[in-house]
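Only one structure is covered here, and it is reproduced in the block below.
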Amino acid sequence: MLGVEYPDSFLANPKNWRTRPCVALIGPAGTLIVDCPPEMRLQCRLHGVQHIDAVLITHSHADHVMGMDDLRSITMRTGRGMPVYALPRYQDDIRRIFKYAFDALPATLIVPRFELRDVPETLDVCGLRLSTFTVLHGTWPVTAFRVNDFAYITDVSEIPEPEYAKLRGLDTLVLDGLRYEPHPNHFHYDQAIAVAQRIGAKQTYLTHLTHDYDHDVVNAQLPRGIELAYDGLRIGI
């Protein structure tokens, strides 16, 4: 964070240098990006994600959409609008934030182009089949999903009771665990651990982490089967 002084020991661990959450699902027929944070371009370049075939936006807060402009290089190369799946209310936000992406402009002006699509309960994309469901981030609905035995739930303060049935038998769960202190719109440390243990995935990774967490120190304290996520983490699904 800007304006914060960190101990040298904290900065010496590269796993404490966190960009904002973004997931690349590499399928047999393409790559689906989940959320477009401001660092998305840098994340993709650093980790070898060269091609993006579709995008899923979980919700339209700044840390999840402000990298969408960098999709312009992809749509310029393909000559097609990028399929972007989002809930209708967040499609409205995308149209407002990136109005120029939907305007009629001269061909010499290169802007990103988005094909906004509703999020279906079953999303078949990039050779993957995602089962989607909605959790709550304070009062905001957030799209979560399961693909095979992997589930991803970012920015959550409540998982509606019926949705727990969709999370049985997971190999891997990625779950919001923002900070130590309670937060009205996110799971904090104790909540995330309790929910992870209730779901019972073989392995849970906590994501959307503040600088509360010194990676190696906290990992040594977490219950078995729960760890902190980190930039560049690769998970087989």
Side-chain angles (χ1 to χ4, degrees), residues 1-26 31 33-50 52 57-71 73 137-138 140 142 144 150-157 171-197 199 201-237:
M1 291 181 64
L2 293 174
V4 177
E5 297 292 335
Y6 297 98
D8 290 342
S9 59
F10 184 90
L11 297 178
N13 187 345
K15 291 181 179 177
N16 285 334
W17 290 78
R18 302 181 179 103
T19 53
R20 283 160 280 201
C22 179
V23 176
L25 293 178
I26 313 293
T31 298
I33 291 287
V34 181
D35 288 332
C36 297
E39 301 93 349
M40 181 197 69
R41 176 180 61 86
L42 301 176
Q43 293 166 332
C44 288
R45 294 298 309 184
L46 181 61
H47 300 294
V49 178
Q50 293 281 57
I52 299 171
I57 297 297
T58 62
H59 64 299
S60 62
H61 288 171
D63 52 334
H64 295 261
V65 300
M66 285 304 182
M68 290 183 69
D69 182 82
D70 285 323
L71 295 170
S73 58
H137 174 36
W140 291 279
V142 166
F150 170 88
Y152 182 76
I153 308 174
T154 186
D155 290 58
V156 59
S157 56
D171 286 340
T172 308
L173 170 66
V174 179
L175 182 67
D176 182 12
L178 182 72
R179 65 187 191 187
Y180 283 115
E181 293 298 317
H183 190 287
N185 299 332
H186 292 265
F187 286 159
H188 66 289
Y189 181 83
D190 290 335
Q191 281 178 301
I193 291 173
V195 170
Q197 290 176 330
I199 292 171
K202 293 177 183 178
Q203 180 66 54
T204 295
Y205 293 99
L206 303 185
T207 191
H208 211 296
L209 308 176
T210 71
H211 58 196
D212 271 7
Y213 299 109
D214 189 334
H215 189 277
D216 292 349
V217 173
V218 176
N219 260 2
Q221 300 168 349
L222 282 165
R224 184 175 181 179
I226 303 176
E227 299 179 21
L228 301 182
Y230 57 89
D231 284 31
L233 175 63
R234 294 172 182 249
I235 300 168
I237 60 170

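To the nearest 0.5 Å, atom NE2 of residue His208 and atom CD1 of residue Ile153 are 14.0 Å apart. Here the straight-line distance linking atom CD of Glu39 with atom SG of Cys22 works out to 9.5 Å at 0.5 Å rounding. To the nearest 0.5 Å, the span separating OG1 on Thr204 from CG on Leu173 amounts to 4.5 Å. Atom CG of residue Leu46 and atom CZ of residue Arg41 lie 11.5 Å apart, to the nearest 0.5 angstrom. Rounding to the nearest 0.5 Å places NE2 of His47 at 10.0 Å from CG of Leu42. Summarising the geometry, atom OH belonging to Tyr152 is positioned 13.0 Å from atom CD1 belonging to Ile237; distances are rounded to the nearest 0.5 Å.
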For this session: Report the C-alpha distance between Ile235 and Val174 in whole Å, list the side-chain angles of each, state the deciding distance to 0.1 Å, and finish with yes or no for side-chain contact (heavy atoms from CB on, under 4.5 Å).
Result: CA-CA 10 Å; Ile235 300 168; Val174 179; 4.2 Å; yes

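Counting only N and O atoms by type, the side chains of His61 and Asp155 include no donor and acceptor under 3.5 Å apart. For Arg20 and Gln43, the side-chain atoms include no donor-acceptor pair closer than 3.5 Å.
Taking all atoms of both residues into account, the shortest heavy-atom contact from Pro184 to Ser157 is O-CB, 3.6 Å. The shortest non-hydrogen separation linking Pro38 to Ala62 is CD-O, 4.1 Å. Between Ala192 and Leu175, the shortest heavy-atom contact is O-CD2, 3.6 Å.
For Asp171, the side chain to side chain donor-acceptor pair (under 3.5 Å) partners are Lys202, not counting sequence neighbours. A search for ring pair (Phe, Tyr, Trp, His ring centres under 6.0 Å) contacts involving Phe187 returns nothing, not counting sequence neighbours. With sequence neighbours excluded, no residue satisfies side chain to side chain donor-acceptor pair (under 3.5 Å) with Glu5.
One N or O on the side chain of Tyr213 and one on the backbone of Arg179 form a donor-acceptor pair closer than 3.5 Å. Not a single donor-acceptor pair under 3.5 Å links the side chain of Arg45 to the backbone N or O of Gly48. A side-chain donor-acceptor contact under 3.5 Å links Gln203 to the backbone of Gly225.
Here the side chains of His59 and Val142 are in contact, with some heavy-atom distance below 4.5 Å. Leu209 is listed as a side-chain neighbour of Leu228, based on a closest heavy-atom distance under 4.5 Å. Annotation: side chain of Cys36 is not in contact with side chain of Asp70 (no heavy-atom distance under 4.5 Å). Considering only heavy atoms from C-beta on, Asp35 stays 4.5 Å or farther from Val65 through its side chain. Between His137 and Thr154 there is no side-chain heavy-atom pair separated by less than 4.5 Å. Contact of the Pro223 side chain with the Gln197 side chain is registered, since non-hydrogen atoms from C-beta on lie closer than 4.5 Å. Side-chain atoms of Ile193 and Leu222, non-hydrogen and from C-beta on, do get closer than 4.5 Å to each other. Inter-residue side-chain proximity for Thr207 and Leu233 is flagged as unmet; no heavy-atom pair is nearer than 4.5 Å.
Surrounding CD of Gln221 are more than 12 heavy atoms belonging to other residues, nucleotides or ligands, all under 6.0 Å away.
Here side-chain hydrogen bond (donor to acceptor under 3.5 Å, both in side chains) pairs that include residues 183-192, with residues two or more places apart or in two chains, are Asp176-His186, His188-Gln191. Contacts classified as side-chain hydrogen bond (donor to acceptor under 3.5 Å, both in side chains) and involving residues 222-237 (residues at least two apart or in different chains) are given here: Thr19-Asp231.
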Under 3.5 Å donor-acceptor pairs involving side-chain atoms of residues 8-16, not counting sequence neighbours:
from  : atom 1 : to     : atom 2 : distance (Å)
Asn13 : OD1    : Lys15  : N      : 3.0
Asn13 : ND2    : Asp216 : OD1    : 3.4
Asn13 : ND2    : Asp216 : OD2    : 3.1
Asn16 : OD1    : Arg18  : NH2    : 3.3
Asn16 : OD1    : His215 : N      : 2.8
Asn16 : ND2    : Phe10  : O      : 3.0
Asn16 : ND2    : Asp214 : OD1    : 3.2

